[in-house]
Amino acid sequence: MDLKIMSVPTKPYDGQKPGTSGLRKTVKEFQKPNYTENFIQAILSAVASVEKLEKSLLVVGGDGRFYCEDAVQIIAKMCAAHKVGKLLIGQKGIFSTPAVSNLIRKNNALGGIILTASHNPGGPNADFGIKYNISNGGPAPDAFTNKIFDHTKSIKEYLTVPNMTINLETLGVQKFTVDGVPFEVEIIDPVSDYVALMKDLFDFRQIKDLISGKGTHKKPFVVTFDSLHGVTGPYVRKIFCEELGASKENACNADPLPDFGGEHPDPNLTYAHKLVERMQKGTFDFGAAFDGDGDRNMILGKNGFFVTPSDSLAVIGANATCIPYFAKNGIKGFARSMPTAGAIDRVAKEMGKELFEVPTGWKYFGNLMDAGRLSLCGEESFGTGSDHIREKDGVWTALAWLSILAAHPQASVESMVTKHWEKYGRNFFTRYDYENCEDAGAKKMMDHLTALIHDGKIIGKEFSEAGKTFKLAKIDNFSYKDPVDNSLSENQGIRLLFEDGSRLVFRLSGTGSTGSTIRLYGDCYEPDQHKMKMDAQTILKPLISVALQVSKLQEFTGRNAPTVIT
Ligand code: VG1
Ligand code: CO
């Protein structure tokens, strides 16, 4: 049957501006008439304005949350109408975000459309998201997402093929003819290409020996995982259980659910507390949790020892040669997002490598990787990854840790981290999130801080809290000039830098779906070995008090406590 293309008249929706990582809104919003279609049309128009969309290959899939399959069908119909040649789609519409990034690169695809709101809750009353990744496998850069946004503001029609439906269950190729032009869809196993990639990067034999306790390890190293009912379940079962010999019952919450069981699929001490409690029992040597779409991770050691993402990055960096991929290719450079604590900076310095500080969001790492200047990077928000793909990668991070532990017989997660502190000193870090504040109050607070920058009188001022005095050396709004293409990204977070090296950062989240989320980051560096094992919250309390005093956060927002502390 020759299917027909149809043009459907539509009107712009306000607020379809992609944020830190794509467009994230409530499911209800995406279900409004033409809302999803408008945004997909804007993506396709933006792609067509710079590249040849006709006959191209695109990868499509998401984290399996509620509305994913509906969105895949809409995308398939619209891609067919735009004469895209072929779509690679995960079975049931499922792919982890790192898997999509890999498939785009492996198949030289033009790009991919990822359906996820990442760590945000899912279900009919929760969140959904759509993001476009470019041909290097990474999230589209600002210049491109601005193009998408422009199209959403002037849209008048979208193209679709109303009578086409894809079978998302059956693996294999489905062929269609649309206005005389062939269109193909291939449904693939979401896991297998990713597993092949991991086998290329890591020595699975060595990790298997660690887990089973062979050779120098003497006793089994007991590992457990929590997929928080997100997309990583099948990846965890295949890699850690089937390939590496971890026991099946230690792969927890490994069945992806459209509503993540009603919880936040967010791997941190608050939302992954069940893993923390399991680890605290002392029977496991290693634990890792992953977010809804599989790009974030949290690493825990025996008795629940918590590795901050900033330390995790630094420890992996300092031990990079334990990972075959880095041993073979060398380390080109390191990077972190601006609010991430500077533990990796000390590793870079010692190794004589370049260190880049970029704005929040993985899209800023891509150019540096493509230019061959960056191998390993991370964010404080539980994201770590390397240039094997162009997304952060949760399962990869767990494998990186296990490789390092396998190369250090008898070591524990805790001993690796404490040894690291002994050598480099410790960067204490905390982040306070004030979720879903009223937009007006959050804006007023940021305006107030901006006024302090312009006024400048605050520089040199001393703030005393709990017996500690902090003298302000600098206040600014972080801007970043990409060293590869010279593009400028401004207003990326207000920084207060103190004379003793302590730092405070304020920014508004770009991934929330409603209201404004204020993120307050605090960090300091401590070389004193006696303080290495102190509690981060205790160490940082005076600094956070200064933050609240300077920003007048409570006055502007009415909040007297954060929603989440990480
Ligand atoms: C947050 C994090 C940021 C991360 C982004 C996407 O953004 O702070 O570091 O890159 O989420 O992660 P924001 O703008 O809300 O602070 V994910 O796992 O949602 O793709
Ligand atoms: Co994510």
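Remember, predicted model here, so these are calculated numbers, not experimental data. All ligand and atom numbering here is 1-based and tracks the order in the structure.
Electrostatic pairing of R65 and D293 does not count as a salt bridge here, judged by no charged N lying under 4.0 Å from a carboxylate O.
Here E391 has no heavy atoms under 4.0 Å from ligand 1, in either its backbone or its side chain. Contacts of T20 with ligand 1, taken as heavy-atom pairs under 4.0 Å, involve the side chain alone. Neither the backbone nor the side chain of T517 has any atom closer than 4.0 Å to an atom of ligand 1 (non-hydrogen atoms only). At a 4.0 Å heavy-atom cut-off, ligand 1 touches R24 through the side chain alone.
The name of the N, O or S atom in D291 nearest to the Co ion (ligand 2) is OD2. Minimum-distance N/O/S atom of D295 relative to the Co ion (ligand 2): OD1.
Using a 4.0 Å heavy-atom cutoff, K131 is absent from the residues neighbouring ligand 1. For the ligand labelled ligand 1, residue R507 lies inside the 4.0 Å heavy-atom shell. Heavy-atom distances between M338 and ligand 1 stay at or above 4.0 Å for every pair. Between G383 and ligand 1 there is no heavy-atom distance shorter than 4.0 Å.
Distance check for S118 against the Co ion (ligand 2): an N/O/S atom falls below 2.8 Å.
For atom 9 (O) of ligand 1, the closest non-hydrogen atom of the protein is S381 OG, 2.6 Å. Looking at atom 5 (C) of ligand 1, its nearest protein heavy atom turns out to be R296 NH2, 3.8 Å.
The N/O atoms of Y521, backbone and side chain alike, include none that comes under 3.5 Å of an N/O atom in ligand 1.
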